[in-house]
Protein chains: 2
Amino acid sequence: MLARVSSTPTFKRLPRAVREQQMLDAAVKVFSRRGFHAASMDEIAEDAGISKPMVYAYLGTKEELFVACLHREGTRMMEAIAGAAASDLPADERLWRGLRAFFGFVGAHRDGWAVLYRQARGEQPFAGELATMRGRLVEVVAGMLDNALRAEGHEVGPTDLEVVAYALVGATESLADWLADHPEADPEKTATRMMNVAWLGAAQLLHGVTWRPPAG
Amino acid sequence: MLARVSSTPTFKRLPRAVREQQMLDAAVKVFSRRGFHAASMDEIAEDAGISKPMVYAYLGTKEELFVACLHREGTRMMEAIAGAAASDLPADERLWRGLRAFFGFVGAHRDGWAVLYRQARGEQPFAGELATMRGRLVEVVAGMLDNALRAEGHEVGPTDLEVVAYALVGATESLADWLADHPEADPEKTATRMMNVAWLGAAQLLHGVTWRPPAG
DNA sequence: GCGTAACCTTACGCACGAGTAGGTATGCTC
DNA sequence: GAGCATACCTACTCGTGCGTAAGGTTACGC
């Protein structure tokens, strides 16, 4: 009972590259909705409009598939940020543009990206993958701070620098979570709020000082 | 072939309350090491020096067991923080004491608590549980800020307040992760760094202003 | 027009681990 | 010292879902 009697087969035959993107789209969607473990390869395959063995043939095991998702989304995000924050600007300007790009990205990929990011934290195999990406971000932020500090004639130990950058990145991720959970919220406004916290600090805020985005 | 021939049984018989704590200890350890899914009930039972059905009899299913862990550890942490930050102090003093208590707690429970906290983020069933706890923290921080602001004669919308508090909590959790990953790091010093970020902000830091813990 | 390679399918094997059935020992109460 | 409740065990069932074997079908080069 193996053979089908050639009813209406004519499934669209598509080149590998196209199918792979469809699969990744489906995978991101299902992973983010269900979580890594609750997501089934069958559902991903079905959602991609393809059968399971194709997924295995093209993207490999479930773990490899997840890593592929992580890579694609991560790269997209990094490019969005890097493209926005050119390095020959003053630090506050760079930070602001980077934040705006980041929250814009998250806002545009709410269900997909943010939740997928949340997934990767807990699961042992992917924590490292994610840590690497986060590490790159931390490095960038730390470098930015270091530049600005030197320009002001100050010096800070590398660990201090790293930790501060880490905290800033953590706060930003946290607000991204918040944004993903509040569909009515505005990414731009969220970026502004983050800028207030990061750049002025609570003490400044307490004295009524408020940072505003530059016109344009 | 069901019966054992009564060789040297004499397993210590212990009251329920004691066993439950042993089981929770083991569960926290295994969950944090392996992650929720990779952890097996068999390993937890073995680590607790008991057999699996006992775990089911006392603490219920795997999910219920995990929630029980979450509750115990969460309660302990909340108590540690609440005990340290009395409410009739100036805001900066309260914040500092709270942070110190928090990082002290994380430092003392590195492998156990921090990683367990990381687990709960991703998994659908527990995200809510954790969100509630985090919500309580955010509320406290927001209330603190609000108080201080009113004292200075300023007013801020509730959403702004919530978001700032959220960012602060996120930054703190992020540094807790960092602390958990750096066994050589000092919790006290980490708390100080967090205080710098939260209270002074990057802008202040750039002008060489540094917050220091009060003597004593 | 025909082979061959890439595309795509159905239908299954199989391990792993949550949860349970059913039985044994031990201490407490009267 | 009989009865009863509680502590505790070994040894299973069984669903779930990853990953695969084996075979069908379409496009494309020559």
Between [N] ([atom2]) and [X] ([atom1]): distance, integer Å:
| X | N | atom1 | atom2 | value |
| --- | --- | --- | --- | --- |
| B:Q22 | D:dA7 | CD | C1' | 13 Å |
| A:E43 | D:dT16 | CD | P | 15 Å |
| B:I50 | D:dC8 | CD1 | P | 5 Å |
| A:D42 | D:dT20 | CG | P | 14 Å |

Practice prompt. Look at B:D25 together with B:R72 and state whether they make a salt bridge at an N to O cut-off of under 4.0 Å.
Written response: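 Answer for the salt bridge query: yes.
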Worksheet item: Does A:R76 come within less than 4.0 Å of A:E73, counting only side-chain N to carboxylate O?
Response: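 Yes.
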Discussion item. Both B:P15 and A:K62 contact DNA chain D. Taking the nearest nucleotide for each, which residue is further toward the 5' end?
Written reply: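 With B:P15 and A:K62 compared, the 5'-side residue is B:P15.
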Among the candidates [options], find the nucleotide nearest to the side-chain atoms of [X].
| X | options | result |
| --- | --- | --- |
| B:S51 | C:dT9, D:dC9, D:dA7 | D:dC9 |
| B:S40 | D:dA7, D:dG19, C:dA18 | C:dA18 |
| A:M54 | C:dT20, C:dG17, C:dC7 | C:dC7 |
| B:T61 | C:dG19, D:dC8, C:dT9 | C:dG19 |
| B:R13 | C:dG27, C:dT9, D:dC18 | C:dG27 |
| A:P53 | D:dA7, C:dT10, C:dG17 | C:dT10 |
| B:Y56 | D:dC8, C:dT20, C:dC8 | C:dT20 |

Discussion item. Any side-chain N or O of A:R19 below 4.0 angstrom from OP1/OP2 of C:dA6?
Written reply: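 So the side-chain polar atoms of A:R19 never come under 4.0 Å of the phosphate oxygens OP1 or OP2 of C:dA6.
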Worksheet item: Do any side-chain nitrogens or oxygens of A:Y58 fall under 4.0 Å of OP1 or OP2 in C:dC7?
Response: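 Indeed, a polar side-chain atom of A:Y58 lies that close.
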Worksheet item: Considering only heavy atoms from C-beta outward, does the side chain of B:L175 approach that of B:F103 to under 4.5 Å?
Response: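 With C-beta onward as the side chain, the pair touches.
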Worksheet item: Is a donor-acceptor contact shorter than 3.5 angstrom present between the side chain of B:K52 and the base of C:dG19?
Response: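 When only heavy-atom distances are counted, B:K52 does reach the base of C:dG19 through a donor-acceptor pair under 3.5 Å.
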Item to complete: For A:E162, enumerate each residue passing the salt bridge (charged side-chain N to carboxylate O under 4.0 Å, His left out) test, keeping only those at least two apart in sequence or located in another chain.
Response: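 Salt bridge (charged side-chain N to carboxylate O under 4.0 Å, His left out) list for A:E162, sorted by chain: empty.
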Practice prompt. Look at the rings of A:F36 and A:F126 and say which category their plane angle falls in: under 30° parallel, 30 to 60° tilted, over 60° perpendicular.
Written response: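 Because their plane-to-plane angle is over 60°, the rings of A:F36 and A:F126 count as perpendicular.
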